[in-house]
Amino acid sequence: MFDYLIVGAGFAGCVLAERLARGSGKKVVLCDVRPHIGGNAYDHHDAAGVLVHRYGPHVFHTSSREVFEYLSRFTEWRPYQHRVRAWVDGQLVPIPINLDTINQLYGLRLSAPEVEAFLASRAVRREQIRTSEDVIVSKVGVELYEKFFKHYTRKQWGLDPSELDAAVTARVPVRSNRDDRYFTDTYQAMPLHGFTRMFERMVDHPNIKILLNASFREMQSEIPHREVIFTGPVDAFFDHRFGKLPYRSLEFHFETKDQERYQDAPVINYPNENPYTRVTEFKYLTGQVHPKTTIVYEIPKGEGDPYYPVPRPENAALYRKYEELAKETPGVHFAGRLGTYRYYNMDQVVAQALTLYGKLAGVPNRQLAAAKAA
Ligand code: FAD
Ligand code: UDP
């Protein structure tokens with residue numbers, strides 16, 4: 001008899017398996033319908049030997065010391081500060097919009113206070129910052145909004161920014177200085193030997209049994225267990241009883257080039273009519289030295305693997321119905337980006353999983369949960 005059947009071997013499932021086994025001596029089965037662990041953060045060497053992320057570029061960043069220290073038990077790190085350029089008006093310019101973006105685009109030589117004044121003169125006052133359009137238009141005005149955000153967002157989400165929660169585009173700040181980093185978190189680093197190696201070390205424990213190519217429905221009756229932790233889509237767990245929660249999907253198009261370097265930045269965003277949103281060259285992220293290089297195009301689509309919950313009020317309302325049902329379902333706990341329908345980064349999923357572990361183990365403080373029996 002296993003104590004827990006954990007469904008999904010991504011960040012949420014692996015952290016919970018590790019904590020329950022190593023921290024509390026529980027017996028755990030970790031199953032995933034895919035043929036590998038790591039969930040969407042899975043990486044592997046492609047046919048040319050280049051380390052790539054199968055489900056799109058993953059860059060680790062967090063301001064949480066406990067999350068960083070927790071993961072540091074399973075990996076060494078390679079310091080990496082992520083930088084992105086956007087292809088706008090025939091030029092590659094920094095995104096987030098900063099001083100250099102404005103000067104490059106408009107052929108100016110403004111100082112930081114002048115950039116602030118420039119943006120303030122264009123910003124449109126909005127009574128309420130409710131949508132993803134409000135956030136940007138109220139900071140930079142309509143023209144820059146249209147150049148950088150409107151088309152990218154319409155492609156990425158299949159919705160106009162005015163139909164999405166403010167939090168979506170608010171992920172990307174606007175700066176008047178020259179800082180061109182995509183993130184400003186305290187800890188920014190990539191697992192030195194890749195994400196998959198980190199996950200392997202995390203779940204390498206005699207109390208954890210891993211079953212791949214194994215769906216929840218198959219395992220539910222085959223594996224004797226006391227409780228379930230479900231990290232797949234919460235609406236699927238309940239057979240879409242209240243209707244389907246919308247998720248946005250992506251198609252990944254990989255290309256290997258017979259050259260060491262392909263593009264001038266780790267990621268180039270295309271906020272225009274191209275079918276893809278961004279192109280990533282993995283070697284910048286991983287630091288790998290290799291005579292060839294592999295890039296990936298991300299092409300958003302409505303159907304397919306559920307990658308992004310879609311943050312907007314009607315979806316939050318539908319999710320709340322599932323959340324209520326989840327609370328009333330004894331012996332089943334939900335976690336992760338799909339299990340709790342939240343547009344979470346990796347570090348937020350780790351923090352959420354540590355919190356859930358704390359509750360299950362009776363150690364309510366997350367820091368203690370991460371530390372207990374380390
Ligand atoms: P997942 O990784 O999705 O794992 C869930 C697992 O459950 C999957 O492996 C799935 O196969 C399995 N599963 C589902 N249903 C079943 C079932 N019925 N039976 C068995 N198994 C099942 N975050 C960052 O911090 N930085 C980034 O740069 C970043 N970039 C991203 C880029 C893209 C394109 C995407 C899509 C996400 C990105 N993220 C990034 C977010 C990151 O991927 C997630 O926060 C994290 O991987 C979520 O982990 P999870 O365990 O909740 O879910
Ligand atoms: N976004 C945009 N233009 C950009 C970058 C981002 O319009 O050049 C918007 C878009 O709606 C995107 C959101 O901001 O989905 C969040 O961007 P982020 O890079 O954080 O997306 P993720 O890496 O999660 O796909």
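Because the structure is predicted, anything quoted here is derived from the model rather than measured. Indexing begins at 1, ligand by ligand and atom by atom, following the structure's order.
Counting atoms of ligand 2 from 1 in the listed order, those under 4.0 Å from a heavy atom of Val168 are 11 (O), 13 (C), 14 (O), 16 (C). Taking every heavy atom of Tyr308 and a limit of under 4.0 angstrom, the matching atoms of ligand 2 come to 22 (P), 24 (O), 25 (O). Residue-ligand proximity, Asn269 to ligand 2, at heavy-atom distances under 4.0 Å covers atoms 4 (C), 5 (C), 8 (O). If you number the atoms of ligand 2 from 1 as listed, the ones under 4.0 Å from a heavy atom of Thr153 come out as 7 (O), 9 (C), 10 (C), 11 (O).
At a 3.5 angstrom cut-off on N or O pairs, Val59 counts as close to ligand 1.
In this structure, Arg217 has no heavy atom closer than 4.0 Å to ligand 1. Residue Arg278 places a heavy atom less than 4.0 Å from ligand 2.
Close placement of the Phe237 and Phe216 rings is indicated, their centers lying within 6.0 Å of each other.
When non-hydrogen atoms are compared, ligand 1 lies under 4.0 Å from the backbone of Ala214 (N, CA, C, O) but not from its side chain. When non-hydrogen atoms are compared, ligand 2 lies under 4.0 Å from the side chain of Tyr182 (C-beta onward) but not from its backbone. Contact annotation: for Phe216 versus ligand 1, heavy atoms closer than 4.0 Å belong to both the backbone and the side chain.
Ranked by closest heavy atom to atom 24 (C) of ligand 1, the top entry among His36, Arg34, Met346 is Met346. Of the listed residues (Phe230, Tyr42, Phe195, Tyr55), the one carrying the non-hydrogen atom nearest atom 34 (C) of ligand 1 is Tyr55.
His82 and Gln188 share no side-chain donor-acceptor pair at under 3.5 Å.
Within 4.0 Å of atom 2 (O) of ligand 1, at least one protein heavy atom is present.
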